[in-house]
2 protein chains.
Amino acid sequence: MAETKKSNLALVAARAGVSVASVSRVLNGGSASEQLAKRVREAADELGYVPDASARTMRTGRTDQITLAVADVGNPVYVQMMRTVTGIVAKAGYRLVVSSTGADPKDQIDLVRSLNRGYADGLLISPLRITPDLVEALSASRLPIVVIGTLPPEVELDNVRADSATGIGLAVEHLIAQGRRRIALVNGPVDTVPGSARLAGHRAALERFGLAASDELEVTATGFTYRAGHRATARLLAQAEPDAIIGANDLLAVGALKELAAAGRRVPEDVAVVGMDDTDAAELATPSLTSVDLGSAKRAKAAAKLLIRRIEDPDAPVVRQVIAPALSVRESTVPEAPRA
Amino acid sequence: MAETKKSNLALVAARAGVSVASVSRVLNGGSASEQLAKRVREAADELGYVPDASARTMRTGRTDQITLAVADVGNPVYVQMMRTVTGIVAKAGYRLVVSSTGADPKDQIDLVRSLNRGYADGLLISPLRITPDLVEALSASRLPIVVIGTLPPEVELDNVRADSATGIGLAVEHLIAQGRRRIALVNGPVDTVPGSARLAGHRAALERFGLAASDELEVTATGFTYRAGHRATARLLAQAEPDAIIGANDLLAVGALKELAAAGRRVPEDVAVVGMDDTDAAELATPSLTSVDLGSAKRAKAAAKLLIRRIEDPDAPVVRQVIAPALSVRESTVPEAPRA
DNA sequence: GGGGGTCTTGAGAACGTTCTTAGGAACGTT
DNA sequence: AACGTTCCTAAGAACGTTCTCAAGACCCCC
């Protein structure tokens with residue numbers, strides 16, 4: 001069947017002895033006589049015809065693609081989101097393309113701008129840092145956009161966010177129930193969206209339960225990575241004697257586990273550890289990691305649905321959703337945790 | 001500046017009082033008088049002009065995009081590849097889009113076919129399973145393609161592969177040097193490219209060192225995941241008494257670590273464990289995992305360069321590269337492994 | 001048997017860009 | 001003063017598709 005040469009509607013039409021319009025109609029399921037349809041399909045097969053995406057896009061204004069922008073493909077929480085989103089958009093007839101932007105807001109701005117060239121019908125973005133420039137670029141974009149993460153309240157964009165504060169509250173409550181009192185936070189950079197939210201959440205939770213927050217119990221890692229968590233925990237142990245550590249995400253918490261082991265502290269007997277995001281890394285860790293499920297899969301799902309709605313109805317009212325957190329208890333906080 | 005309405009070259013040209021051709025020339029760096037260039041740029045700014053990607057693509061035949069198809073975004077080895085590739089293609093002026101296909105060859109075939117519609121200028125693909133249909137689709141594609149992974153020898157495609165057999169040889173050699181004799185393999189599905197290669201490599205290595213290969217020491221997990229490794233190792237321990245376990249990738253090996261801990265075996269004292277791919281997961285594990293570096297970063301880099309070359313010179317001779325493995329020794333095989 | 005309807009098909013415009021071709025102005029040379 | 005060069009700019013075709021519009025064929029019913 002398939003010829004090697006690139007073919008187009010005109011060639012197919014010529015071969016079938018019909019007009020270009022008819023070929024297009026047949027191939028797109030329009031009405032046509034059985035006889036003509038058969039001739040067209042045969043000709044298309046023989047020529048190995050494949051429609052050209054850019055020509056179709058130019059004509060229709062649609063790409064049937066949705067872009068998911070993630071800051072760090074190495075973070076398992078984004079992996080979870082990718083998996084969820086892929087399924088949802090595929091069901092609605094869109095292809096998902098993933099764009100890894102890096103942590104720099106400049107790259108994200110470039111991406112948002114470039115999408116205005118018409119690479120995709122919509123954008124799902126979960127920015128690590130929200131700068132005024134980024135907000136400006138997002139707002140100015142012609143493209144339907146749904147932001148996963150917290151936005152300034154005045155921004156008129158569909159938005160699904162986690163509730164870090166409540167999530168940390170769950171962790172603190174659980175730790176206090178286990179008799180812990182010196183509950184430290186190994187945070188990521190505080191100029192990021194999750195970093196600032198988790199710092200505030202930590203302080204609020206301690207206060208709520210009548211524990212004094214102290215600078216000693218808060219350390220800031222250089223990123224949301226395993227290695228950064230490792231180093232930051234070393235600093236923490238040099239300056240304080242926590243009996244519990246909350247990592248601002250699972251990777252940081254795993255880094256803390258590592259450093260605690262190296263420092264000869266037993267987990268959870270000497271120090272309990274809690275992660276956040278409840279990703280595969282939490283289950284995979286030794287001991288397995290109690291983790292705050294911030295609903296990454298639910299967030300991704302809600303965001304994807306919101307985006308599809310927005311694409312189909314650009315004038316729909318702006319929706320802002322908050323996903324409630326939950327706690328997954330594992331070995332790192334209770335000696336006799338249930339095993340899978 | 002930016003108007004909200006979508007604009008095009010004709011609008012810019014009208015506003016600047018010049019022809020469409022001149023606007024295009026100015027914006028693409030062609031020669032033009034300073035005066036005209038200035039008028040054009042001002043008009044473009046005022047209208048918030050953004051060129052349309054599909055129109056440009058239709059005219060030029062280029063998208064300046066490269067697609068990377070990965071079977072499983074959750075596998076850290078692909079994360080490593082994505083990171084590497086992003087940098088290389090960006091330097092050459094391409095945008096990278098990642099497509100997550102799932103393990104089903106059918107999805108991969110769909111992707112390859114759809115790319116013939118002109119979504120990208122080239123494809124980087126690392127198939128888990130190579131079926132005749134997939135080979136057929138890859139060969140029939142008009143698009144420049146580089147395959148990361150082993151291909152049937154008759155396929156005329158640029159290709160970069162790992163050397164699993166030698167890699168497993170390194171692991172076995174190292175384990176034997178540590179006094180191990182009953183060296184088991186926790187493999188992934190054997191109908192996959194890496195699965196079959198690693199099974200063959202295991203048998204060859206045992207034979208080479210004068211150890212008898214036995215079915216008891218080989219178990220096959222349902223996938224290359226942490227959970228599958230966990231379960232498969234449980235089966236292994238029920239049927240044999242290994243003093244060393246090689247996981248066909250790091251996730252399987254981490255699963256083995258977990259199961260060994262649950263079964264009360266000490267690592268590395270009772271059982272040594274080696275992973276493959278040398279990903280972040282190996283360093284993150286407790287104890288940290290000795291792992292065979294199959295050169296995923298190097299492979300990705302070489303493949304990206306090959307693809308760019310192929311795009312720029314479609315008639316270049318077919319290149320097949322093999323990346324040599326290396327062993328990263330950590331705590332899971334030697335009691336006193338060096339710590340980072 | 002004629003009028004009005006439905007159904008099938010084709011011609012051609014349009015989407016927004018790039019690039020070829022060629023016209024005209026300015027300038028230098030003979 | 002005529003001619004050749006060079007530079008700048010404009011006109012218009014082309015990429016491949018979809019979709020509107022109109023024309024023709026056919027059928028039904030009064």
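Letters go in sequence order (proteins before strands), and every chain restarts at 1. Because the structure is a prediction, the values reported are computed rather than measured.
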| Non-hydrogen side-chain atoms of A:M82 and A:L124 separated by less than 4.5 Å | no
| task | Kindly indicate whether the side chain of A:I125, heavy atoms from C-beta on, has any atom under 4.5 Å from the side chain of A:I145. | result | yes
| query | Of the candidate nucleotides D:dT18, D:dG16, C:dT18, which contains the atom at the shortest distance from the side chain of A:D52? | reply | D:dG16
| request: Give one of base, sugar-phosphate or nothing for B:S24, where a contact means two heavy atoms less than 4.0 Å apart. | output: base
| message | Angle between the two end axes of the helix from C:dG1-D:dC30 to C:dT30-D:dA1, five base pairs per end, rounded to 10 degrees? | response | 60°
| Does some side-chain heavy atom of A:D158 sit less than 4.5 Å from a side-chain heavy atom of A:V147? | no
Protein N or O to nucleotides 20-25 of chain C N or O, pairs below 3.5 Å:
none

| Does a donor on one side chain and an acceptor on the other come within less than 3.5 Å for A:S54 and A:T57? | no
| request: Identify, with sequence neighbours excluded, every residue that meets salt bridge (charged side-chain N to carboxylate O under 4.0 Å, His left out) alongside A:D104. | output: none
| field | Non-hydrogen side-chain atoms of B:I88 and B:Y94 separated by less than 4.5 Å | value | no
| request: Respond yes when some side-chain nitrogen or oxygen of A:S33 is under 4.0 Å from OP1 or OP2 of C:dT9, and no when none is. | output: yes
| message | Starting the side chain at C-beta, find the nucleotide from C:dT8, D:dT17, D:dA10 nearest to B:L36. | response | D:dA10
| Counting N and O atoms only, with roles assigned by atom type, does the side chain of A:S24 sit under 3.5 Å from a partner on the main chain of A:V20, one being a donor and the other an acceptor? | no
| request: Using a cut-off of strictly less than 4.0 Å, decide whether A:S22 has a side-chain nitrogen or oxygen near OP1 or OP2 of C:dT9. | output: no
| query | Does OP1 or OP2 of D:dC15 have a side-chain N or O of A:N8 closer than 4.0 Å? | reply | no
| said: By nearest heavy atom, map A:S19 and B:V50 onto DNA chain C; which one lands nearer the 5' end? | reply: A:S19
| request: Flag this pair as yes if the NZ/CZ of B:R95 is under 6.0 angstrom from the six-membered ring centre of A:Y119 and inside a 45 degree cone about the axis; otherwise no. | output: yes
